[in-house]
Amino acid sequence: MRFYSSCLLGGVMLGVMFAVTAVEPVPLRARGDDFVDPAGKTVKLWGVNLVAFYPDRQTAAATAKNLASLGVNCVRPHHMLRPSGDWNPGMVSGALMDYRRDSMTPDPAAWDRFFFLTNELRRNGIYLLLSIGDTRHYRPDDVSVLDGGEADNLAWRKSVEEMNRRHWKAAIDARKMMPLFDERAARVVERYARRLLTTVNPYSGRRFADDPQLLTVELLNEFALDYVVICNNRLPEYQHRELSARWEACLKKHGVPPCDFYTVKSPELVKLRADFMREAQIRYFRRLEKVIRDCGYRGSILFSNLWEGEPAARLNAELNGSIEDHGYVDPRVYREPKDFVYQKTFTKVAGKPYLIGEFNHSEGGRDLDDQKRKRAMLPLAVAANAAFQGWPGIVWFAWCHGGGAVASDGWGVREGRVSSLGNLVGDGMTLDHLRTAGLLFKNGMVRPSSAPVFWYLEEIPAVRDYHGLMRGRTGYKPGWQSVHAIRKVFGRTAPAADAAAMKRISTENPPEPLVSDTGEIIRDLKRNQLLVKTPFANGFGGECGQSGSVTLPVLEYRGQPGFATFLLVSADGRRLTQSRALLLSRTTFDVEGREVDDGMFVLTGLAGSPWTGRITRPREAAGKTVTLRCDNGNWLLPAAGWHEIELEAEKRPRKSRRGKHDVPRLLRRLRVVDDAKVPNPEGLLIYQRIQADPDHFRLFRLRQYLVERHPACLPLRPRIVIPDVGRFAMLTGPVIDRHEDGFPGGGRCGLDLEDNGCGIAERFAAAEDVFRIDPAVAAIAVHGELPVEPDCLLRRIEPDLHRSGTVGTPAFRLQDTGELPAREAGELSLIPVDRDDQRRNLLPAETAFEMKFPVDSRRIELRCDGQRNFQAGHRRNGDGRGRQPGTACAAKRHHAGFGLVGEIPDLQRDPSGILFHIDRIARIGNGEF
């Protein structure tokens with residue numbers, strides 16, 4: 001059983017009955033490219049923008065509940081400071097601020113609605129991304145924030161009046177620029193930041209500054225000073241004088257004659273101006289950062305977002321706690337190598353979480369109508385690619401603009417099949433796929449790239465023109481972003497391996513069709529198709545071809561030529577072929593571009609019988625049930641009458657297999673399948689495997705029985721015998737780990753290398769390949785194709801053991817057994833290190849397990865061998881459970897960190913031992929299997 005992400009089965013899980021459980025947000029923090037919860041589990045964000053949305057209480061509660069039902073766990077309130085009487089005609093200003101006199105006086109009714117809405121979102125497990133700038137306007141009476149004297153005050157008031165007379169397109173970037181060069185504007189922003197973060201929400205009793213619901217704080221939306229200046233956005237005269245004064249001081253400091261800030265031409269002046277703008281932005285960020293931290297907020301702060309050139313990308317990489325970009329893209333990702341993912345890799349920085357804070361189809365273009373018609377494939381395309389690229393968040397734009405499109409039940413006043421970029425609540429076609437795509441993304445059903453490419457930029461040259469700014473320097477051949485994840489690194493020299501990868505993707509075209517390095521995503525530019533094939537999901541978007549049929553491993557569509565998008569996901573965490581609860585969404589068009597409900601969906605290889613379906617979309621058909629027809633083991637579902645449907649296999653009672661006499665039978669049925677590997681460096685908890693695979697459920701039942709009745713079986717000393725190998729390393733270390741729930745889990749143990757004079761430790765430390773021990777399967781000591789040539793070594797061992805509650809400090813000792821004759825057995829032994837008396841007492845001295853590698857076969861046999869007296873050194877207490885001498889913990893808390901992890905019967909009753917079959921031992925290189 002292979003799990004693709006530690007977030008699988010995490011967060012909001014549908015379960016067999018498709019019920020959504022609301023859990024209030026827990027604190028998240030940035031760790032590398034991800035957001036993680038207090039337990040270290042990755043959390044993916046699937047969200048929407050709420051634009052100037054101040055609903056009444058009934059609508060707010062319904063909206064929050066509806067969003068959660070669609071899998072949304074993140075909301076970005078947007079334009080909260082924009083005077084929005086056009087979107088909210090019944091309010092004073094349609095914003096959080098009154099705006100009738102100044103921009104600092106709050107509108108109490110708007111704040112009350114905002115607080116109620118955010119608390120309802122919290123109750124449904126939804127995080128917030130807030131902004132300090134947020135399309136702020138200024139009013140002349142804001143002059144009161146700083147008295148500069150009568151003349152200065154009058155000049156400032158006139159500058160604001162002049163700004164407010166401009167067309168919004170001419171004013172929007174200049175307003176964002178103002179607080180960088182205007183003390184009054186900066187103070188107005190500071191006041192709002194303190195109000196937003198420190199006012200207690202009367203419905204939650206918390207300040208946003210202390211609330212784990214608040215995930216990020218953004219200073220300026222879609223702003224980069226380089227971009228604003230190069231596009232010739234100018235401040236009013238009052239603020240322009242301050243900008244010019246600072247620029248002249250900079251020129252004087254560097255011994256350069258005065259010149260106009262906007263018309264520099266020489267390379268030296270262009271660079272000097274770029275440095276000046278960079279310093280101005282950093283200065284503003286540090287100022288606001290101090291205000292926000294003084295309020296008590298400790299989460300991620302963003303200076304700004306959006307791709308507006310390499311200088312802005314580098315600045316955000318240096319300042320931001322996480323990276324955000326926006327995208328309005330062509331959903332037809334099958335048309336050409338350069339899709340929306342290509343552009344987003346310009347802003348993806350290695351080592352920081354990456355969000356697309358606004359996402360939807362394009363706003364313009366010559367063939368916009370066709371883009372709108374085929375927008376249904378966009379949820380599939382972004383969910384699959386974001387998971388593959390390792391992006392932790394997608395936030396759709398926008399659920400609504402104001403409250404006019406939202407009914408009191410939280411759904412759209414009118415829901416149709418026409419694109420509604422600003423009001424997704426009324427876009428039925430996109431909503432059809434929002435839940436299935438969200439499950440695909442959040443639950444790790446697509447593996448992240450196994451071989452990401454890092455693009456290094458040591459220096460960023462200054463530019464003076466728009467095209468030079470926007471072109472960027474991430475110059476690889478389009479299409480490679482579909483093969484590998486691409487991540488940018490600033491200010492460092494590329495290591496040799498990364499330099500070679502950069503050269504390859506910048507000089508060679510990728511092979512077609514474009515297949516991800518995990519093999520799960522296929523972008524076929526000749527057939528105009530996007531296919532997603534994983535054990536947990538089957539998805540398709542594109543042209544159906546002349547036959548009108550599309551075949552995936554589990555799902556087949558038999559229709560007519562035209563365009564189709566459909567996505568089948570597991571709703572209970574099991575593989576599709578083992579799941580008893582599935583979710584399927586679909587949209588189909590004929591060759592004339594008309595949406596049609598014809599054809600047949602065929603599901604093959606499913607477990608359980610019979611299968612029934614409950615229609616969930618369209619809303620007018622929700623609740624209707626259908627029974628799938630069985631045809632030679634295939635389940636047939638007509639396409640007519642539904643856009644999203646929940647599929648469930650009938651539950652049938654199972655006979656209990658509990659009891660000691662079931663142990664040998666369960667052991668004989670235990671089988672590790674070919675791809676039973678875990679590409680997660682942190683390891684996974686065994687309960688995740690249990691929920692996702694019936695075999696592991698039986699394994700869990702067996703483990704429960706053993707830890708309760710036969711705790712002496714758990715400590716083991718395995719011995720591995722390997723023929724036909726030249727040089728070997730011996731790994732020794734503790735094999736006992738403890739966890740309060742009795743489940744093995746994640747974490748890393750360090751290496752304590754001793755080379756005994758043979759130099760092996762040095763070679764282990766310098767090697768690049770990583771081999772891991774899988775603590776959940778634990779039937780073999782080391783995953784990896786063992787070397788078959790002299791002088792080859794296991795490069796490095798990093799067992800995944802759960803550190804919590806471990807007795808003693810895990811460590812390993814490596815020894816070199818030297819050269820071995822060909823085709824003769826050598827030993828790679830796992831022997832306990834006597835770190836302390838407690839560990840020594842836990843390890844019986846007469847138990848061994850032998851693993852044989854036949855020369856002429858890939859089959860591996862693991863047999864229980866040796867003496868089987870487990871009673872020595874143990875005693876029985878009154879309840880029949882064994883207690884280990886010298887330990888304070890109950891026996892049920894122990895398991896072997898590797899070896900057999902207790903999957904053995906009562907050996908005194910079954911002296912013959914049990915045979916385990918392992919289909920494959922795979923090598924892990926660079927973190928992949």
Side-chain angles (χ1 to χ4, degrees), residues 1 4 8 14-18 376-377 379-380 383-384 432-433 435-440 443 445-446 520-522 529-542 544-545 547-560 562 564-588 596-617 621 624-652 673 692-694:
M1 177 66 197
Y4 296 133
L8 188 59
L14 288 182
V16 176
M17 299 306 294
F18 296 92
M377 74 177 295
L380 168 65
D432 291 343
H433 300 279
R435 186 159 65 131
T436 49
L439 281 174
L440 177 79
N443 289 2
M445 297 181 183
V446 172
E520 294 181 340
I521 305 175
I522 302 171
Q529 294 179 345
L530 171 70
L531 301 97
V532 178
K533 305 176 184 180
T534 87
F536 301 94
N538 280 186
F540 173 86
C544 297
S547 66
S549 298
V550 178
T551 301
L552 300 173
V554 174
L555 181 63
E556 180 183 358
Y557 170 64
R558 301 171 183 172
Q560 59 176 298
T565 291
F566 45 84
L567 177 57
L568 175 71
V569 298
S570 168
D572 59 7
R574 298 185 176 96
R575 292 167 175 269
L576 293 176
T577 54
Q578 298 166 345
S579 176
R580 303 183 71 86
L582 304 171
L583 187 64
L584 174 62
S585 60
R586 72 107 181 97
T587 302
T588 51
V596 293
D597 286 355
D598 65 353
M600 182 77 67
F601 285 92
V602 181
L603 296 98
T604 61
L606 298 185
S609 175
W611 280 82
T612 58
R614 186 175 74 90
I615 297 173
T616 49
R617 292 196 59 81
K624 295 181 180 179
T625 60
V626 297
T627 300
L628 279 67
R629 180 167 59 89
C630 185
D631 180 15
N632 294 324
N634 299 326
W635 295 94
L636 279 59
L637 175 67
W642 60 272
H643 299 146
E644 180 193 72
I645 189 168
E646 296 172 348
L647 304 173
E648 190 172 359
E650 180 181 318
K651 296 180 180 179
R652 293 186 175 180
V673 296
D693 183 66

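The nearest pair of heavy atoms linking Ser579 to Ala571 is OG-N, 4.4 Å. Residues Phe536 and Gly573 approach most closely at CE2-O, 3.4 Å, considering heavy atoms. Closest approach of Pro638 and Met600 over heavy atoms only: N-SD, 3.7 Å. Heavy-atom minimum distance, Ala537 versus Leu440: CB-CD1, 3.4 Å. Residues Arg575 and Pro535 come closest through the heavy atom pair NH1-CB, 3.3 Å. Across all their heavy atoms, Ala649 and Gly608 have their closest contact at CB-CA, 4.1 Å.
Between Trp611 and Cys630, every side-chain heavy-atom pair lies at or beyond the 4.5 Å cut-off. Residues Glu650 and Thr612 fail the side-chain proximity criterion, which asks for heavy atoms closer than 4.5 Å. Here the side chains of Asp597 and His643 are in contact, with some heavy-atom distance below 4.5 Å. For the pair Leu582 and Leu606, the minimum side-chain heavy-atom distance is below 4.5 Å. Looking at heavy atoms from C-beta onward, Glu520 lies out of side-chain contact with Met445 at the 4.5 angstrom threshold. Residues Leu531 and Leu552 meet the side-chain proximity criterion, which asks for heavy atoms closer than 4.5 Å. Thr577 is not listed as a side-chain neighbour of Thr604, based on a closest heavy-atom distance of 4.5 Å or more. You'll find the side chain of Gln578 stays beyond 4.5 Å of the side chain of Asp572, heavy atoms only.
With hydrogens and angles disregarded, no donor-acceptor distance shorter than 3.5 Å links the side chain of Thr565 to the backbone of Thr587. In terms of modelled atom types and a separation under 3.5 Å, the side chain of Asn538 and the main chain of Val554 share a donor-acceptor contact.
Taking CZ from Arg617 and CH2 from Trp642, the interatomic distance works out to 13.0 Å, rounded to the nearest 0.5 Å. With rounding to the nearest 0.5 angstrom, the CG atom of Leu603 is 8.5 Å from the CG atom of Asn634. Annotation: the span from Leu583 atom CG to Leu568 atom CG amounts to 8.0 Å, rounded to 0.5 Å. Interatomic distance, CZ of Arg574 versus CZ of Arg580, reported as 7.5 Å (0.5 Å rounding). Atom CZ of Phe566 and atom CG of Asp432 lie 15.0 Å apart (nearest 0.5 Å). The CD atom of Glu644 lies 11.5 Å from the CZ atom of Arg586; values are rounded to the nearest 0.5 Å.
Looking at Ile615, Thr625, Thr616 one by one, the single match for side chain to side chain contact (heavy atoms under 4.5 Å, CB included) with Glu646 turns out to be Thr616. Of the residues listed (Thr627, Leu584, Leu555), the one engaging Leu637 in a side chain to side chain contact (heavy atoms under 4.5 Å, CB included) is Leu584, and it is the only one.
The six-membered or imidazole ring of Phe540 lies away from that of Tyr557, with a centre-to-centre distance of 6.0 Å or more.
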